[in-house]
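Presented below is the structure to which this report refers.
This is a predicted model, so every value here is computed, not measured. To find a chain, count down the sequence lines: A is the first, B the second, and so on, and within it residues start at 1.
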Amino acid sequence: MDDFVTALGGKSGNFQGKFDYVLTHSYGHILQLKEPQEMVSEDKKTRYSSWRSLKYFPWDENDFSWAKRIVPGRSKTLKEIRDAAKDCDGIIIATDDDPSGEGDLLGWEIVNAIHWKKAVYRIRFEDQAPKSIIAAMKRMVNVTNQMEQGEYLEALARQRFDLLSMQLSRIAMIYAKKAGYKPKTMRIGRLKSAIVGLIFDRNTEIENYVKKPYFEVKFKDQNGNLFSRKFDPDKDQFRYSVRQQAKTDLADYVASSIVIDEKKLKQQTPPPLVDLGQIGILVGAKGYKDKEIIKTYQDMYQAQIVSYPRTEDTQVTLEQFNELLPLVDQIANVIGVDSKLLTRRKPRAKFITSQAAHGANRPGVKVPKSLEQLEKRFGKIGVEIYQVVAKSYLAMLAEDYVYEAQKAHLAKYPDFRASIQLPKAMNYKLIFDDRDLSEEDEATAHEFKDMAQPFVYEGANPKPGKPTKKFILNYLKKHNIGTGATRLQTLAEISSGKGSLAALIRGGYVLNYEGQVQAILSKGSMIASPKITKRLFDGMDRVKRKELDYQLIPQSMQTIVRHDMPIFENNATSLDKNATLQKLASKHQTKTINKKVVAGEKVTGDFNGEQISFNQTWGGHKFTKKEVADLLAGKKIRISYCSKKGTDKIVSGKLAKQTYKGRSFYGFKPEF
DNA sequence: GCAAGGTC
């Protein structure tokens, strides 16, 4: 709103002699759809609250009133808008120009919630520069009839489509239970299922990987540069599965001199500015959790230390570029980058766009005094975030990375070739090294030597890589699922807290019991396919252009559900056959049993002069009255219990004060 | 119990 105050000349006033205005703001969604069972008539409540019977699916979208409720904590904002609009003749919904129509949706949600009956107008600004805001004001259109406004309808269609996808979680739960599995919950949706499916596929590939070593003659110079022949499995026969065969081959080769064929100087421009997903990758690599990163970035944005987090832009406008230009030396100084490297201070086409609402993630207009000051306010994680964002931005102002590409072959055996890249001038790479963002490792390069020696090289079919954060975010980016921010957000949601489906273990995501069950059930379904988002977006685009009735999009969820139900049903027969799930299932069962024990009956009594209570059951064994008395007396007792592996065992132990997750309690302490 | 979208 501050940008509007600046552009229009005050919080209220007159716009170019045309009309009086008063400014007020909103943020995010002020309203959200009610729960399914709250949006249907009384007689249908059973159907739409059920998690039990398949007969209730697919849902009929015509049964829904699509009523909304205020998001907890947002009623104050709604009241402020209602009060500000009281004496006005019209409301102008003003947001950036987002192709998904989300701004129209959240604007209309408010307008409808305050029962506004007068005119509604719409403006979309390209960026927050005063002249862009004025230009947007001049393009104002009357949109009073909301059901005629394509952008509103496409977003409404998306919202209803996504809500209806909820039913697939219930369907999956029913099939899981039928097959004898008891996940706490299922979380199936086009975003979460795409991620879960990707993790599942990668980990399955890793489990099924069988290393197949191969052996062939290669050459190596003293710098370790490898010379090898191009291998075509259909034609060539120099690659063997047995070392001895390659050794026999080796006898035919002697050392050879190296002939350099080509030396070419090449350049590489700095990489595009980082998005929030990439910030998540780089800061996450230092050991910080996605949720912390998102939260801290948001806090830093509000303090104007960094720009808007949830941007879809990968470039900046000329205005945004010029706004930061006078600050770059100061920024460089704070993060310890040599200002002398920042020699490209004129905008370069690669990084500049004529249209960007918020502009790519970059440092904000408030430059912190020092990293120490930044750490005081936002912690070490804030320092890491700022460094990544600032370095990515400053790299853009540095010269291209220059390297020499060399190609060579062996004088005696011209089929053996090698190519290397020799760095000549690091330039932007001295500020920001983008290697950390790519999947492949770049080998360090050394000059070719004069001679190369033959040897038996051992290779193998490549092992699939773990599903890392980098891998998942890059995949989602490639399929255009979510923005940098929502991708990171969803990944964070999937891997932590209540309802989590996976955990990040040693750099790779591993599905938990719930995640594994839902991945198996939804394998090959439409909802889990990354294509579903593409299809949804295409449909939304047609709604916006008035080529498609918006109601057909929510309706299409019926087709998806009809298509996916038999797939879930068939997949349920694979649950018992999945070895990983079987392992997780036995752990899950033990956990559930242990939980019940913890929540079980307590006994109380005097222990060392203190009135205490402790669990009467341990490891499935319920202490007898005598055992309880002995324990309270501090005596050692022997009991038979059920181990975590499910076998019966004997253990002795005493009553003792213990701690669990930082909380002390009294209970039976076994002596293993 | 279930989605995905948004965040002065």
Is_stacked (A/Tyr27, B/dG6) at 5.5 Å, 30 deg: no

Atom-to-atom span, CZ of A/Phe537 to P of B/dA4 - whole angstrom: 11 Å

Closest nucleotide among B/dC8, B/dG5, B/dC2 to the A/Pro36 side chain: B/dC2

Closest listed nucleotide, where the reference is the side chain of A/Tyr308 and the choices are B/dG6, B/dA3, B/dC2: B/dG6

Whole-Å gap separating C1' (B/dT7) and CG (A/Leu106): 10 Å

Sugar-phosphate only, base, or nothing, as touched by A/Leu168 at under 4.0 Å among non-hydrogen atoms: nothing

Nearest-Å distance for atom pair CD1/P, residues A/Ile171 and B/dG1: 18 Å

Residues A/Arg160 and A/Gln555: side-chain donor-acceptor under 3.5 angstrom: no

Sugar-phosphate, base or nothing in reach of A/Thr490, heavy atoms under 4.0 Å: nothing

Touch class at under 4.0 angstrom, heavy-atom based, for A/Arg160 against every strand present: nothing

Below 4.0 Å: OP1/OP2 of B/dC8 and any side-chain N or O of A/Gln298: yes

Position toward the 5' end of DNA chain B (nearest nucleotide), A/Lys177 or A/Gly189: A/Lys177

Sugar-phosphate only, base, or nothing, as touched by A/Arg158 at under 4.0 Å among non-hydrogen atoms: base

Sugar-phosphate, base or nothing in reach of A/Gln167, heavy atoms under 4.0 Å: nothing

A/Glu154 CD to B/dA4 P, straight-line distance once rounded to whole Å: 18 Å

Nearest-angstrom distance from the residue atom CG of A/Leu501 to P of B/dG1: 16 Å

Nucleotide nearest A/Thr486 when distance is taken to its side chain, options B/dG5, B/dC2, B/dT7: B/dG5

5'-most by nearest nucleotide on DNA chain B - A/Arg52 or A/Val71: A/Arg52

Side chain of A/Met173 - closest among B/dG6, B/dG1, B/dC2: B/dG1

Touch class at under 4.0 angstrom, heavy-atom based, for A/Ser100 against every strand present: nothing

Cation-aromatic face contact A/Arg202/A/Phe471, 6.0 Å, 45 degrees: yes

N/O (side chain, A/Arg190) to phosphate O (OP1/OP2, B/dG5) under 4.0 Å: yes

Side chains of A/Tyr27 and A/Arg74, donor plus acceptor under 3.5 Å: yes

Atom-to-atom span, CG of A/Leu163 to P of B/dA4 - whole angstrom: 11 Å

Interatomic distance, A/Arg170 CZ vs B/dA3 P [rounded to whole Å]: 11 Å

A/Glu109 and A/Gln159: side chain donor to acceptor below 3.5 Å: yes

Passing option when A/Arg124 is tested against A/Thr95, A/Asp96, A/Asp98, A/Asp104 for side-chain hydrogen bond (donor to acceptor under 3.5 Å, both in side chains): A/Asp104

Under-4.0 Å side-chain N/O to phosphate OP1/OP2 contact, A/Arg187 with B/dA3: yes

A/Tyr308: partners by ring pair (Phe, Tyr, Trp, His ring centres under 6.0 Å), with sequence neighbours left out: A/Tyr301, A/His358

Short side-chain N/O contact from A/Gln302 to OP1 or OP2 of B/dC8, under 4.0 Å: yes

Sugar-phosphate only, base, or nothing, as touched by A/Glu493 at under 4.0 Å among non-hydrogen atoms: nothing

Nearest-angstrom distance from the residue atom CG of A/Asp98 to P of B/dG6: 7 Å

